[in-house]
Amino acid sequence: MTITSLTPQTSAKIDCEIADITLAPQGRKRIDWARAHMPIMRNIIARFEKEQPFKGLTIGICLHVEAKTGVWLEALTKGGATVAITGSPGTTQDETVAAIVEDYGVHVYSQRNETFADHLRYCQKVLDHQPDIISDNGADLHELLFTLPQNQHLITSLLGATEETTTGANRLREDFKSDKFATLIINDTQAKRIIENRYGVGSSVVDGIMRATNVMLHGKKVVVIGYGYCGSGTAQRLRGMGAHVTVVEQNPLTRLEAHMEGFYTASLEDALPNADMVITITGRDNVLDKQHFELMADNVIIANAGHFQREINLPALAQLADSTDPIRQHVKGYRVNGKTLFVLSDANLVNLAAGDGNPIEIMDLGLALQSLSLERIALNAKSLTPTPQPVPYDIELDVAALACQYWINH
């Protein structure tokens with residue numbers, strides 16, 4: 001659809017594909033609540049509005065569209081940017097989307113019930129805006145940039161990009177090669193890895209699982225597959241809730257770390273038969289596959305907290321199942337060989353699909369890293385090496401100093 005923006009900043013027509021623009025008042029309340037708990041971003045918004053670092057530039061974004069994202073988009077648009085954004089299947093807040101369109105004039109292509117095919121089409125719509133900078137999540141925009149002929153010209157015209165996730169960083173370094181522009185990897189910062197991934201993701205995954213299921217975690221035998229920063233944070237939060245946690249990790253050094261942290265460790269095949277709950281958090285495809293479902297016990301709960309839904313091979317599970325049955329809003333039962341396996345949120349990120357994502361204060365820090373990284377690209381792209389690389393250290397220190405100012409010394 002095309003609508004006329006109601007924002008006082010622009011009278012331009014806004015192209016978008018969203019669920020319902022009339023949900024904007026509810027979304028506005030969500031964004032206002034988030035902003036009230038994001039002092040770092042409020043500081044940045046005030047400076048960006050004055051200095052206009054993105055004046056005349058278009059920023060194309062792929063990132064989960066929820067209330068904290070709305071505060072970030074306020075910073076970019078008040079900083080002079082034209083913005084087009086898409087989210088991820090199952091994680092979009094439709095009411096937040098409506099407010100973002102109405103209040104900030106952002107071109108939004110995102111709906112909570114979108115399919116992965118919709119997602120790829122929406123990513124292309126973002127690139128059709130001919131962005132000067134992209135901000136990516138899982139390298140989805142980068143993939144279309146490098147693989148589709150109609151986007152090839154952007155490779156040489158882009159000032160630069162950011163990438164939010166471990167998954168996207170792996171894809172950029174392993175699957176795509178570019179020496180034409182810099183991509184700043186937000187997840188390479190210690191602030192992102194430790195503060196957001198370990199503490200934020202750990203808290204929000206537990207929150208999402210509890211909202212989806214209403215089951216007690218105390219005493220549950222939980223298998224966490226993957227012990228990176230997100231996996232370790234999730235394992236620690238589960239243990240704090242009284243769960244008995246077993247870590248499955250292929251990297252021997254990381255498995256040793258989990259052992260030294262006091263977790264049980266085991267192979268996937270040995271860990272699954274006794275598990276009450278299994279959580280994937282690796283960023284890799286088909287971590288749980290046909291042979292793994294066959295090993296699982298009756299009434300096991302399966303959740304994904306990694307970037308892609310396809311960490312869990314749902315087509316293989318559906319093929320195995322004699323029947324499926326929606327149990328609760330975020331719980332589907334698969335009947336397999338006389339036992340029932342329960343999958344949460346159709347294997348979408350459980351913390352965002354069943355919950356509200358990372359705590360607001362945590363995302364205040366993470367989105368500040370994004371904001372200052374985009375500002376560096378806009379104002380001084382030539383100072384950056386044209387490869388995937390960490391966020392400049394001075395930016396990380398600036399954001400950490402702001403966090404200390406507001407979180408510790410306030």
Side-chain angles (χ1 to χ4, degrees), residues 201-202 205-228 230-252 254-306 310-314 316-325 327-328 330-347 350-351 354:
V201 173
V205 168
V206 171
D207 174 56
I209 289 171
M210 295 186 72
R211 289 202 210 185
T213 65
N214 195 36
V215 303
M216 183 174 69
L217 295 176
H218 300 277
K220 287 287 190 298
K221 297 186 290 291
V222 183
V223 173
V224 174
I225 308 173
Y227 198 75
C230 293
S232 65
T234 299
Q236 290 167 14
R237 300 288 82 72
L238 287 165
R239 180 168 62 185
M241 293 295 293
H244 301 275
V245 180
T246 298
V247 170
V248 174
E249 171 59 58
Q250 289 187 335
N251 184 307
T254 310
R255 180 177 179 180
L256 183 60
E257 179 187 3
H259 170 76
M260 299 299 288
E261 289 287 340
F263 292 103
Y264 302 110
T265 67
S267 69
L268 188 54
E269 291 73 17
D270 288 341
L272 289 177
N274 296 316
D276 299 311
M277 186 180 295
V278 181
I279 303 168
T280 59
I281 190 160
T282 69
R284 304 293 182 175
D285 292 351
N286 299 331
V287 176
L288 290 179
D289 215 331
K290 178 178 181 293
Q291 69 273 22
H292 302 123
F293 302 127
E294 293 172 335
L295 293 172
M296 292 181 183
D298 188 26
N299 292 332
V300 67
I301 295 169
I302 306 168
N304 172 47
R310 56 182 182 261
E311 291 205 23
I312 300 171
N313 191 342
L314 285 186
L317 179 56
Q319 190 173 25
L320 275 178
D322 301 317
S323 63
T324 61
D325 186 19
I327 308 299
R328 291 163 58 93
H330 294 289
V331 183
K332 183 183 288 186
Y334 291 77
R335 193 69 178 164
V336 177
N337 298 328
K339 60 188 179 183
T340 303
L341 314 183
F342 297 106
V343 176
L344 305 188
S345 302
D346 290 323
V350 70
N351 56 337

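If you're wondering where the values come from, they're calculated on a predicted model, not measured in any experiment. Any value given below was found using the heavy atoms of this structure, including those in side chains, with hydrogens, waters and symmetry copies removed.
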Quiz item: Are Arg310 and Asp285 close enough for a salt bridge, meaning some N to O gap below 4.0 Å?
Solution: yes

Quiz item: How would you list, by chain and number, every residue that makes a salt bridge (charged side-chain N to carboxylate O under 4.0 Å, His left out) with Asp346, sequence neighbours excluded?
Solution: Lys332

Self-check item: Where Ala258 and Val247 come nearest, the two heavy atoms and their spacing
Solution: CB-CG1, 3.9 Å

Quiz item: Is a donor on one side and an acceptor on the other found under 3.5 Å between the side chain of Arg211 and the backbone of Asn214?
Solution: no

Quiz prompt | Leu320/Tyr334 under side-chain contact (heavy atoms from CB on, under 4.5 Å): CA gap, chis, key distance, verdict | solution = CA-CA 9 Å; Leu320 275 178; Tyr334 291 77; over 6 Å; no

Quiz item: Looking at side-chain heavy atoms only, is the closest gap between Asp207 and Asn351 below 4.5 Å?
Solution: no

Quiz prompt | Spacing of Arg335 atom CZ and Leu341 atom CG [to the nearest 0.5 Å] | solution = 9.5 Å

Quiz item: Looking at residues at least two apart in the chain, or sitting in another chain, which of them share a side-chain hydrogen bond (donor to acceptor under 3.5 Å, both in side chains) with Asp276?
Solution: none

Quiz item: How long is the span from the CD1 atom in Ile279 to the CD1 atom in Ile209, to the nearest 0.5 Å?
Solution: 3.5 Å

Exercise. Identify, with sequence neighbours excluded, every residue that meets salt bridge (charged side-chain N to carboxylate O under 4.0 Å, His left out) alongside Arg237.
Key: none

Quiz prompt | Heavy-atom pair of closest approach, residues Ala275 and Ala297 | solution = O-CB, 4.3 Å

Self-check item: Point-to-point distance, once rounded to the nearest 0.5 Å, from CG of Asp298 to CG of Asn337
Solution: 11.0 Å

Self-check item: Test applied, side-chain contact (heavy atoms from CB on, under 4.5 Å); reference residue, Ile281; option that passes from Asn304, Val287, Val201, Val350
Solution: Val201

Quiz item: Quick one: CD1 on Ile302 to OG1 on Thr280, what's the gap to the nearest 0.5 Å?
Solution: 9.0 Å

Quiz prompt | salt bridge (charged side-chain N to carboxylate O under 4.0 Å, His left out) partners of Arg284, counting only residues at least two apart | solution = Glu174

Quiz item: If you look only at pairs with a residue in residues 260-281, which of them pass as a ring-ring contact (aromatic ring centres under 6.0 Å, His included), with sequence neighbours excluded?
Solution: Tyr227-Phe263

Quiz item: To the nearest 0.5 Å, how far apart are CG in Asn274 and NE2 in His244?
Solution: 13.0 Å

Self-check item: Minimum heavy-atom distance Gln291-Leu295, with the two atoms named
Solution: O-CG, 3.5 Å

Exercise. Return the set of residues passing side-chain contact (heavy atoms from CB on, under 4.5 Å) with Asn251 (not counting sequence neighbours), or none when no residue passes.
Key: Glu249, Leu253, Thr254

Practice problem: With sequence neighbours excluded, tell me which residues meet ring pair (Phe, Tyr, Trp, His ring centres under 6.0 Å) with Phe293. | Solution: none

Quiz item: How close do Ala271 and Val248 get, heavy atom to heavy atom, and via which atoms?
Solution: CB-CG2, 3.9 Å

Quiz item: In chain order, what residues pass the side-chain contact (heavy atoms from CB on, under 4.5 Å) check against Ile327, with sequence neighbours excluded?
Solution: Asp325, Val331, Phe342

Exercise. Kindly compute the distance separating OG1 (Thr265) from CZ (Arg255), expressed to the nearest 0.5 Å.
Key: 3.5 Å

Quiz item: Can you name the residues that form a side-chain contact (heavy atoms from CB on, under 4.5 Å) with His292, not counting sequence neighbours?
Solution: Leu268, Glu269, Leu272, Leu288, Asp289

With a cut-off of 3.5 Å and sequence neighbours excluded, list every side-chain donor-acceptor pair involving residues 216-225.
{"from": "His218", "atom 1": "ND1", "to": "Met241", "atom 2": "O", "distance (Å)": "2.5"}
{"from": "His218", "atom 1": "NE2", "to": "Met241", "atom 2": "O", "distance (Å)": "3.4"}
{"from": "Lys220", "atom 1": "NZ", "to": "Met216", "atom 2": "O", "distance (Å)": "2.9"}

Exercise. Using salt bridge (charged side-chain N to carboxylate O under 4.0 Å, His left out) as the criterion, list what pairs up with Lys339, not counting sequence neighbours.
Key: none

Practice problem: Sequence neighbours left out, what passes side-chain hydrogen bond (donor to acceptor under 3.5 Å, both in side chains) with Glu257? Give chain and number order. | Solution: none

Self-check item: Nearest atoms (heavy-atom pairs only) where Gly306 meets Glu311
Solution: CA-OE2, 3.0 Å

Exercise. Taking all non-hydrogen atoms of both residues into account, name the closest pair between Ala266 and Asp270 and its distance.
Key: CB-CB, 4.4 Å

